[in-house]
Number of protein chains: 2
Amino acid sequence: MADPTPQTTPPGGLRERKKQRTRDALIRAALELFTEQGYEATTIDEIAEAVDVSQRTFFRYFSNKQEVTFAVQDMVEARFLEELRARPADEPPLPALRGAVLTAWDEIGNAIASVIPVDLYMRTFQMIESTPALVAAHLRRFTELEEQIAQLIARREGLDVDVDPRPRVLVAAFSGVMRVAGKVWGEGHDCSVAAIREVTQSYLDHIGPAIETDWRGKGTPRAGHEHARDQA
Amino acid sequence: MADPTPQTTPPGGLRERKKQRTRDALIRAALELFTEQGYEATTIDEIAEAVDVSQRTFFRYFSNKQEVTFAVQDMVEARFLEELRARPADEPPLPALRGAVLTAWDEIGNAIASVIPVDLYMRTFQMIESTPALVAAHLRRFTELEEQIAQLIARREGLDVDVDPRPRVLVAAFSGVMRVAGKVWGEGHDCSVAAIREVTQSYLDHIGPAIETDWRGKGTPRAGHEHARDQA
DNA sequence: AGGCTAATGTCAGCTACTGACAGTTGACAA
DNA sequence: TTGTCAACTGTCAGTAGCTGACATTAGCCT
């Protein structure tokens with residue numbers, strides 16, 4: 001259009017589209033090979049060969065083997081952050097987080113499908129959870145996301161994360177719960193987006209009751225809770 | 001002696017002691033090189049050369065570069081689990097966790113010193129936090145520890161982790177907070193055991209107040225809290 | 001002393017990843 | 001259309017983490 005930015009390459013060029021296609025093909029080939037024969041059993045050479053490019057080219061698109069594994073996850077996380085930023089400013093922290101995740105899950109399906117089949121994403125998720133090296137990488141990424149979320153929450157509440165510990169503490173607790181939810185889903189049988197949404201929602205609703213001091217003599221609590229003080 | 005177990009090697013032999021010395025020397029050399037010149041900039045060959053063994057021998061003691069990095073951390077975590085198991089059975093979950101960490105920190109110093117100088121451990125901790133690959137590994141290890149803790153808590157309370165989500169949820173929140181505490185300590189200036197104990201304690205005491213719905217119009221809350229229900 | 005076996009050294013090889021350089025191809029102007 | 005530039009790609013050589021196979025050393029035990 002009227003966009004004269006001659007910086008690198010125009011967004012609609014043939015070259016740009018070709019690049020995007022190569023990138024998507026690499027992601028898809030990699031995830032398919034990973035889920036079929038395992039992450040470590042798959043070599044970069046195999047992935048490159050499947051897309052008919054050189055190994056060197058693979059490393060020009062992804063700086064390492066792990067990066068291609070989380071390429072789709074990147075999209076998902078970006079989407080969550082968008083949703084969080086879109087929450088009304090007067091909403092309290094926990095409900096905002098809760099709302100953002102649930103809304104995000106509702107829309108993520110389509111975003112994923114533009115690159116790979118949804119079920120491949122699901123299998124990838126499970127493969128990550130069962131590959132130690134990828135679990136580690138996954139957790140690290142999650143942590144970086146946490147920091148961004150904490151900053152967002154702090155800004156919403158007009159706080160400084162380095163002064164008031166509550167944003168980081170809340171986000172730490174929140175994402176700890178999110179991780180457990182994801183793991184439980186991965187170990188289950190229902191490979192649908194609806195299922196993970198369900199688990200997420202349920203677990204988030206347990207975070208309050210769980211920190212109660214006395215768990216005994218109660219059923220699974222739901223909303224009302226009395227909170228005893230911890231003794232020194 | 002009167003010990004006829006001909007299985008592997010008797011626990012007091014020269015061979016056994018030599019092995020232990022080699023192992024400790026490898027740990028120490030590795031951590032010193034890592035903290036001085038960086039983790040990635042240090043090769044296994046350098047470590048092996050510093051202890052005057054072959055590279056192959058290094059890999060017979062540690063299955064990979066990361067393992068030697070966390071050898072000391074292994075001790076620390078084992079100690080925490082011991083302390084947790086030693087807590088009185090009638091103590092509620094969160095106080096038990098809190099008590100175990102704080103007690104553990106009080107005694108860990110000595111345990112570490114038997115292998116490496118304490119300040120080397122401190123510098124190692126900070127190096128880990130500033131090396132992405134090690135952060136990832138650290139988090140994964142932490143997660144595995146979490147699962148063990150959740151099982152312990154569940155047993156204490158007579159629950160099944162696969163039925164009642166509260167043990168995992170509490171532990172997730174708890175260790176999320178622990179991780180943030182460790183990170184904050186690593187970024188600070190006071191490299192003492194007392195300091196991390198301090199931060200840990202303070203953060204654990206914030207976990208309850210942090211999940212309150214309304215943070216505004218309050219100072220840093222301490223114990224009393226009203227908990228509004230989240231809207232659907 | 002001498003045999004057994006755990007510990008170690010040596011070597012060859014695989015895979016992830018990188019730098020350097022050369023060849024190819026899309027973009028854009030003349 | 002054609003030529004030039006820049007981006008993209010391929011090839012090659014090399015480093016480092018890590019493993020298996022096999023020979024050698026050295027503590028242990030009779």
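Naming convention: chains lettered A, B, ... in sequence-line order (proteins, then strands); numbering from 1 in each chain.
Here the nucleotide nearest the side chain of Tyr61(A), chosen from dA26(D), dT8(C), dC8(D), is dC8(D). Comparing dA6(C), dT18(C), dT11(D) against the side chain of Phe59(A) picks out dT18(C) as the nearest. Here the side chain of Thr57(A) is nearest to one of dG26(C), dT18(C), dT9(D), namely dT9(D). In the set dC28(D), dG10(D), dG9(C), dG9(C) carries the atom at the smallest distance from any side-chain atom of Ser54(B). Across dA16(D), dT18(C), dC18(D), the shortest atom-to-atom separation from the side chain of Gln55(A) is found for dT18(C).
Under a 4.0 Å N-O distance rule, the pair Arg79(B)/Glu83(B) qualifies as a salt bridge.
Taking atom CZ of Arg17(A) as the reference point, atom C1' of dA7(D) lies 16 Å away to the nearest angstrom. Between Gln37(A) atom CD and dT15(C) atom P the separation is 12 Å, expressed in whole Å. Arg60(A) places its CZ atom 11 Å from the C1' atom of dA22(C), with the value rounded to the nearest Å. When the P atom of dA7(C) is taken as reference, atom CZ of Phe62(B) falls 14 Å away, rounded to whole Å. With rounding to whole Å, Ile44(A) atom CD1 is found 11 Å from dT18(C) atom P. If you measure from atom CG of Leu134(A) to atom P of dA16(C), you get 13 Å, rounded to the nearest angstrom. Here dC4(C) presents its P atom at 14 Å from CZ of Arg15(B), a figure rounded to the nearest Å. As rounded to whole Å, 12 Å separates atom P of dA16(C) from atom CG of Leu33(A).
Side-chain contact check for Gln20(A) and Glu16(A): no donor-acceptor pair (N or O, by modelled atom type) lies under 3.5 Å. Checking Glu144(B) against Gln148(B) by side-chain atom types alone, no donor-acceptor pair falls below 3.5 Å. Side chain to side chain, Thr42(B) and Glu46(B) fail the donor-acceptor criterion of an N or O pair below 3.5 Å.
Residue contacts for Asp45(A): at a heavy-atom cut-off of 4.0 Å it reaches no nucleic acid atom on any strand shown.
Nearer to the 5' terminus of DNA chain C, by closest-nucleotide assignment, is the contact made by Thr22(B) (compared with the other of Gln66(A) and Thr22(B)).
In this structure, Thr35(B) contributes its side chain and Glu32(B) its backbone to a donor-acceptor pair below 3.5 Å.
Judged by distance alone, with hydrogens and angles left aside, Arg56(A) brings a side-chain donor or acceptor within reach of the base of dG19(C), the pair sitting under 3.5 Å.
Listed pair Lys18(A) / dC8(D) fails the phosphate criterion, with no side-chain N or O lying under 4.0 Å from OP1 or OP2. A sub-4.0 Å separation between OP1 or OP2 of dA6(C) and a side-chain N or O of Lys19(B) is absent.
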